[in-house]
Number of protein chains: 2
Amino acid sequence: MLKSKVNVQEKRGQDTKERIIAAAIDLFSQEGYTGASIRDITGAVGIKESSLYHYFSSKQEIIEIIYASFKNALALERQAHESIPTVIKPYDSYLLLQNNLIFLKKMFDKPFMRKVYRVISMERYRDKQAFEIMSYDIYQSIAATHEIMFKKMIAAGIMKPLLDPDILSIEYTYAVMGIFGDYNILKYYEKSTTAIEDLMFEYVKFFWDRVKNI
Amino acid sequence: MLKSKVNVQEKRGQDTKERIIAAAIDLFSQEGYTGASIRDITGAVGIKESSLYHYFSSKQEIIEIIYASFKNALALERQAHESIPTVIKPYDSYLLLQNNLIFLKKMFDKPFMRKVYRVISMERYRDKQAFEIMSYDIYQSIAATHEIMFKKMIAAGIMKPLLDPDILSIEYTYAVMGIFGDYNILKYYEKSTTAIEDLMFEYVKFFWDRVKNI
DNA sequence: GTCTATAGGATGATAGAC
DNA sequence: GTCTATCATCCTATAGAC
């Protein structure tokens, strides 16, 4: 009896903690880290500022937990994607490229990922941690995946062999991520995203037509 | 006599106004608009907060003047660049591409341009004006220049005729501007920029080798 | 685990003397 | 054109009651 009561309290506490994080993600992604205050966060949750400090020692700790959780989510997504066996065949290699784009789009369309990606995009100029996540955990990791894919395609004889897969993956990653970035911003300004979504897939087609063998 | 004294005062006033703008650009580019306070700005200039309000009615007015001045500088740079007559010849078209990159690099390497570009990169998520400058005055304008260049190259028979110059310019602009963005961030973190500067020119070579006719 | 109360300082902006 | 003085509000964070 007593124990179950304690559990309920713990659960409610856990719930408050998660609601604080959720509100912080919402507000940081809208106003930036500096622009969103502890008052804003606790106001959104419906608790007093002092209650927040029962769960977190500082504002900085909150953003660091968010970053850590994002890095973890990124690693899990990558793992899930890599576990899918990809046998490259000439007739479906354009599909492979498309599927890779759809995977990226789906990943960054998840509310948590999109919001935190936005926070990192904003903060990377001032916050070294955000800068490093953007550089290493996002860009370099995605570029590496692309490079491996291109190398396999070249080995399979379906991509032009004279292309340097290293710099090709850099080009492709900058282009795709640039389009994603704009897509993400447009969504926040509640503007139409159909044109940029079309561009995404148009670009993949354009890219493929130029790199395919024959 | 009296008149010359008035002129001196006016000049000093003008000087103060410019020093405020210069300090604001420095601080906004380092800490962001929200992160840099009026106190920070006046402290850097060596005047009191109240003195700033003799020249500007609000913090917002300062950033708007900076944005307007940046847009103006961009238009002037573009004008200067376009006034150079470009006769496309097969043997120098790679040079043309290189020169275009050097023009962009030089432009964004000017302290004023680099700092304000950074402010706009940071603020475009929250500030619609910054978003529009980034989209229209920077990206779309640069992409349009690239597209014209590519069309001329195709017409001259030195670029592959089957390439769509529209989407090709989008790809090229995203890649080049992505590299510039990273270069700009690295400079602020006082990290080495030699690798990314090399990448810039390596990329142009890679790009050219793939689009040239023959 | 949540509250009231408050500390101690920063913020954007104004009034008015000189 | 610059200053002193000040306002009203916001900020992060803490102490301690319940």
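Note on naming: letters A, B, ... go to the chains in the order of the sequence lines (proteins, then strands), and numbering restarts at 1 for each one.
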Ring centroid separation for Tyr174(B) and Tyr174(A), is it under 6.0 angstrom? no
Between side-chain atoms of residues 128-135 of chain B and protein atoms elsewhere (two or more places apart, or another chain), which donor-acceptor pairs fall under 3.5 Å?
| residue | atom | partner | partner atom | Å |
| --- | --- | --- | --- | --- |
| Ser135(B) | OG | Phe131(B) | O | 3.1 |

If the condition is side chain to side chain donor-acceptor pair (under 3.5 Å), which residues does [X] pass it with, not counting sequence neighbours?
| X | value |
| --- | --- |
| Tyr67(A) | Asp127(A) |
| Ser69(B) | none |
| Lys191(A) | none |

For the side chain of [X], starting at C-beta, report the closest nucleotide among [options].
| X | options | value |
| --- | --- | --- |
| Tyr55(B) | dG1(D), dA13(D), dT2(C) | dG1(D) |
| Thr16(A) | dT2(C), dG12(C), dC11(D) | dT2(C) |
| Ser58(A) | dA13(D), dC3(C), dC11(D) | dA13(D) |

Rounded to the nearest Å, what distance is computed from the [atom1] atom of residue [X] to the [atom2] atom of nucleotide [N]?
| X | N | atom1 | atom2 | value |
| --- | --- | --- | --- | --- |
| Glu18(A) | dG1(C) | CD | P | 13 Å |
| Leu27(B) | dT11(C) | CG | P | 11 Å |
| Lys59(A) | dC11(D) | NZ | C1' | 9 Å |
| Tyr53(A) | dC11(D) | OH | P | 11 Å |
| Lys17(B) | dT2(D) | NZ | C1' | 16 Å |

Could you write out each protein N or O paired with an N or O of nucleotides 4-8 of chain D at a distance under 3.5 Å?
| residue | atom | partner | partner atom | Å |
| --- | --- | --- | --- | --- |
| dT4(D) | O4 | Ser50(B) | OG | 2.6 |

Can you run down the side-chain hydrogen bond (donor to acceptor under 3.5 Å, both in side chains) pairs that involve residues 194-205 of chain A, sequence neighbours left out, and say none if there aren't any? Lys105(A)-Glu197(A), Ser192(A)-Thr194(A), Thr193(A)-Glu197(A), Tyr203(A)-Glu171(B), Lys205(A)-Asp209(A)
